[in-house]
Every structure is written in structure tokens, then in C-alpha cells.
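Read the numbers this way: they start at 1 and go in the same order the structure lists the ligands and their atoms.
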Amino acid sequence: MKAIIPAAGVGTRLRPHTLVIPKVLINVGGKPILSHIIDKALESGIDDIAFIIGYKGNQIQEYVESNYSFKYRFYEQKEILGLAHAIGLAEEYLRDEPVFIVLGDTIFEADIESVFKGQYSSLGVREVEDPRRFGTVELDENGFAHTLVEKPVDPKSNLTLVGLYFLKNGKILKESINELIQRDYKTRDEYQITDALQILINRGEKVTTFHVDGWYDCGKPETILSTNRQLLQRMKQNYKVEGSLIRPPVYINAAAKVENSIIGPYTTIAKGSIIRNTILVNSIVGNESLVQDVCLKDSIIGDRAVISGSFKTLNVSDFSEITL
Ligand code: UTP
């Protein structure tokens, strides 16, 4: 089964990290966001993936080429014109056959194998309290989608699109995207996949929804950290490091070094990093970084960074109050 993963975006909300690497290569729960998505897709029966790359796309291509050997292809989105435009570039993947689409920054947990066996096209959804930041789906009495709205001001449904789309026939989606672009129909200045899907529904395609059990957004620093927490919780790995206290759940790469430190809970330390005389809580440290003599929480540290603090010295009398 074929899949398309759009990963061309700039990731502005994740600056400064995305000034150096593309969002999808940020490490969360021990491996890059993109690897979580690829691994899940491969274990669910996907064997051929189109990656839509743009911003820092050569790094994504290099990463996939040096870590995977399944069938894949890269399409360059030269201008970030929206998801529908991005997906439409993968022409060879939008033929008269099923295709699965998953956003490059959406780690998910869902039984997509069953979805692939279904009779209809189907969109991954979750119920959220405030759907105004998302695309929403309104269903008819038979459970088929009839109206999709991108970031509704006055939402009529709290069923939200989470970035997983299964189409029974990729060609019909391609035709809908072509129509959207020909009509130059933009929402918030972009060709939206939500609008292309609405055209597809209006043309008579029957589209159902499926529930996405786990939806781990990676669009902002806070959501990267909460996704890291949830992934670590699921991994349930135990680490012992002599001379340090490890408070699970954590991920410590076998090629990382921890000395005289307190690590966790909810901390990821990637390959080759050294953590020394440090307390590190609810944080992510990328590859080959050095963190020493500091007390950090809720932090995201990239690759090859050097963070070093110092111990303070005080000479204070009884009843003093000092906040450092
Ligand atoms: P987002 O709009 O959430 O991601 O798109 P972004 O643009 O990278 O991040 P911000 O908003 O600037 O912080 C969701 C996914 O769709 C891809 C993005 O790469 C991301 O994986 N995308 C979006 C494209 O590939 N092309 C587009 O034109 C738009």
C-alpha cells in the first residue's frame, strides 16, 4: 500500500530548533518524529512512501536514505502553498488505487490496518473540546462525512481531523486538488486538504471516519514535550546508571553517558550526549550534546549543544530568604 507524508513546512513555531533541522527530525521519545511515523506505517502494511520535502528537505532525504531501505520517493514542494498543494505533487501516488496520507509532524496510534480493509475512504478523527484550531467534520445520519470546515469560527462539530487520511482512490483526490488549485480556492492563504476533501465529498465519494486512539502533536515546544512524556510512558524502559538516580520513564541512548546526575522523570537523552552533575526533568537532549552542572526542567536541547552551569556559593545568616 502506498502512503504520502508531507514534510515540507518551515516549522516556524519550533524555532530556534527548526533554524537548523527540519521539524520532522527533532528527537522525541528516543527517535526523530518522522521515524515514529515511518515505523508505524511500515508495520501497518505500507511499503511505498512519497515524502513531500521542501524546507531543509535534503536533511530529510539523507536521513531516510541512510536509515531505511523500503521503497520511497521524494517530491520537492518549492513553495509552501498548503497541504493540498503538497499532496498533489505526489502524482504517481495518486492513481486509481488506495493511498494513505499522514502529516509528517503527527505521531499516531490507531488501528489503520482495519481502516485499509474498509469499504470506504476514511478520515482519522478525535473529539476535542475546542475545535476552532483544527479542521472539523460534520457527519450525516449514516455516519458519512458531509461538511468539512478548516478552523471553524463557530464549530458545529467537535470531531476534529488529526492528519490521517485514507483514500480508496487516490486519483479522485488528485482531481479534487486540481479543481481546488484551478479555482484558486484558498483558505487562510493556502490550498487546504480539508477543502480538497470537501470537493471530493461533493463529487459523491463516500467518506467515513475512524477514531485515532493516540494523537501526539509535535507542532510546538509544549506539545513536543507532552508527546515525549506520553511516548516514554508507553515505552516503559528501565535504566540503571551507577552513581546516578534514574527516575522513570526516561530514554537514555546506549551511546549516551550519564554521570553523577538525576535524570527524569520524562527525559530523553539521545545518542552520544554526556550529562554530568545535572538534574534533568521533563526534557529532551539531542545527539552529542554536553550538559553539566545544571538543574533543568521543561527544556529542549538540540544536537551538539554545550550547556554548562556552575554551583553557587552563599554566606547567609539564619531566617534569610533567598530565591536563586
Ligand atoms: P503545519 O502548518 O502544521 O507545519 O503543517 P509547519 O508549516 O511545518 O509548521 P509552522 O506552522 O510553520 O510552525 C503540518 C504538516 O504538513 C506539512 C508540514 O511540513 C507539516 O509536516 N506541510 C504543510 C507541507 O508539507 N506543505 C505545506 O504547504 C503545508
Side-chain angles (χ1 to χ4, degrees), residues 3-28 31-38 40-41 49-61 63-64 72-91 93-94 99-108 123-126 128 131-136 148 150-151 160-165 173-174 176-178 180-181 184-197 212 215-227 300 302:
I4 302 174
I5 303 185
V10 176
T12 42
R13 291 167 297 162
L14 272 170
R15 284 180 184 159
H17 301 281
T18 47
L19 293 175
V20 186
I21 58 167
K23 170 162 65 178
V24 300
L25 293 188
I26 292 177
N27 194 310
V28 52
K31 58 187 179 185
I33 295 166
L34 188 63
S35 266
H36 288 278
I37 298 165
I38 294 175
K40 176 76 184 161
I49 302 181
F51 296 93
I52 315 300
I53 54 172
Y55 180 73
K56 300 201 183 291
N58 55 339
Q59 290 189 41
I60 299 176
Q61 184 159 350
Y63 179 78
V64 173
Y72 49 74
R73 189 167 168 172
F74 297 92
Y75 293 88
E76 192 188 355
Q77 189 186 23
K78 292 201 170 72
E79 225 184 318
I80 305 303
L81 296 176
L83 259 180
H85 175 261
I87 293 163
L89 295 172
E91 290 207 18
Y93 289 72
L94 296 170
V99 63
F100 178 61
I101 299 164
V102 50
L103 303 190
D105 62 351
T106 303
I107 300 175
F108 65 96
L123 312 176
V125 293
R126 270 178 82 99
V128 301
R132 284 174 299 178
R133 288 192 300 125
F134 307 98
T136 58
L148 308 182
E150 186 59 33
K151 299 194 178 67
T160 292
L161 292 168
V162 299
L164 307 180
Y165 315 87
L173 178 64
K174 176 66 183 150
S176 307
I177 292 172
N178 286 349
L180 187 80
I181 294 174
D184 198 26
Y185 188 97
K186 290 183 179 167
T187 303
R188 292 172 188 252
D189 221 25
E190 287 192 354
Y191 298 114
Q192 304 283 355
I193 186 64
T194 317
D195 295 327
L197 290 167
V212 178
W215 173 33
Y216 310 114
D217 179 42
C218 295
K220 298 183 284 180
E222 316 83 91
T223 58
I224 288 264
L225 287 173
S226 72
T227 292
I300 305 174

Give me the nearest non-hydrogen protein atom to [atom] as residue plus atom name, then the distance to 0.1 Å.
| atom | answer |
| --- | --- |
| atom 24 (C) of ligand 1 | Q77 OE1, 3.7 Å |
| atom 25 (O) of ligand 1 | A8 N, 2.9 Å |
| atom 5 (O) of ligand 1 | D105 OD2, 4.5 Å |
| atom 16 (O) of ligand 1 | L83 CD2, 3.5 Å |
| atom 18 (C) of ligand 1 | G9 N, 3.6 Å |
| atom 12 (O) of ligand 1 | T12 OG1, 2.6 Å |

Atoms of ligand 1 close to [X] [distance to a heavy atom under 4.0 angstrom, numbered from 1]:
| X | value |
| --- | --- |
| G104 | 21 (O) |
| V10 | 7 (O), 8 (O) |
| G82 | 27 (C), 28 (O), 29 (C) |
| R13 | 3 (O), 9 (O), 10 (P), 11 (O), 13 (O) |

Non-neighbouring partners of K56 that pass salt bridge (charged side-chain N to carboxylate O under 4.0 Å, His left out), sequence neighbours left out: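 Partners of K56 by the salt bridge (charged side-chain N to carboxylate O under 4.0 Å, His left out) criterion come out as none, since no residue qualifies.
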Under 4.0 Å, heavy-atom basis, I'd like to know which part of V24 is in contact with ligand 1: side chain, backbone, both or neither.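 Answer for V24: neither.
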Does only the side chain of K23 get under 4.0 Å from ligand 1, or the backbone, or both, or neither? Count heavy atoms.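 It is the side chain that touches ligand 1; the backbone stays farther off.
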Hey, does [X] come in under 3.5 Å of ligand 1, counting only N/O atoms on both sides?
| X | answer |
| --- | --- |
| I52 | no |
| L14 | no |
| P6 | yes |
| G11 | yes |

If you round to the nearest 0.5 Å, how far is [atom2] of [Y] from [atom1] of [X]?
| X | Y | atom1 | atom2 | value |
| --- | --- | --- | --- | --- |
| E222 | T227 | CD | OG1 | 11.0 Å |
| N27 | S35 | CG | OG | 9.0 Å |
| L197 | I193 | CG | CD1 | 4.5 Å |
| I37 | I49 | CD1 | CD1 | 9.5 Å |
| Q59 | L34 | CD | CG | 12.0 Å |

Closer than 3.5 angstrom, by distance alone: can the side chain of R73 be matched with the main-chain N or O of A50 as a donor-acceptor pair?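 No; zero donor-acceptor contacts below 3.5 Å.
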Heavy-atom donor-acceptor pair, Q77 side chain to I53 backbone, under 3.5 Å: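 No; zero donor-acceptor contacts below 3.5 Å.
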Check residues 4-22 and write down every donor-acceptor pair under 3.5 Å in which the side-chain atom is one partner and the other belongs to a residue at least two apart or another chain.
unit_1: T18; atom_1: OG1; unit_2: G11; atom_2: O; d: 2.7
unit_1: T18; atom_1: OG1; unit_2: L14; atom_2: O; d: 3.4
unit_1: T18; atom_1: OG1; unit_2: R15; atom_2: N; d: 3.3

Does atom 2 (O) of ligand 1 have a protein non-hydrogen atom under 4.0 Å from it?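 Given the 4.0 Å limit, the answer for atom 2 (O) of ligand 1 is no, no protein heavy atom qualifies.
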Tell me if the OH atom of Y63 is crowded by more than 12 foreign heavy atoms within 6.0 Å.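 Yes, OH of Y63 has more than 12 neighbouring heavy atoms, counting only those of other groups under 6.0 Å.
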Can you check whether F100 reaches Y165 side chain to side chain, under 4.5 Å on heavy atoms?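 F100 vs Y165: side chains apart.
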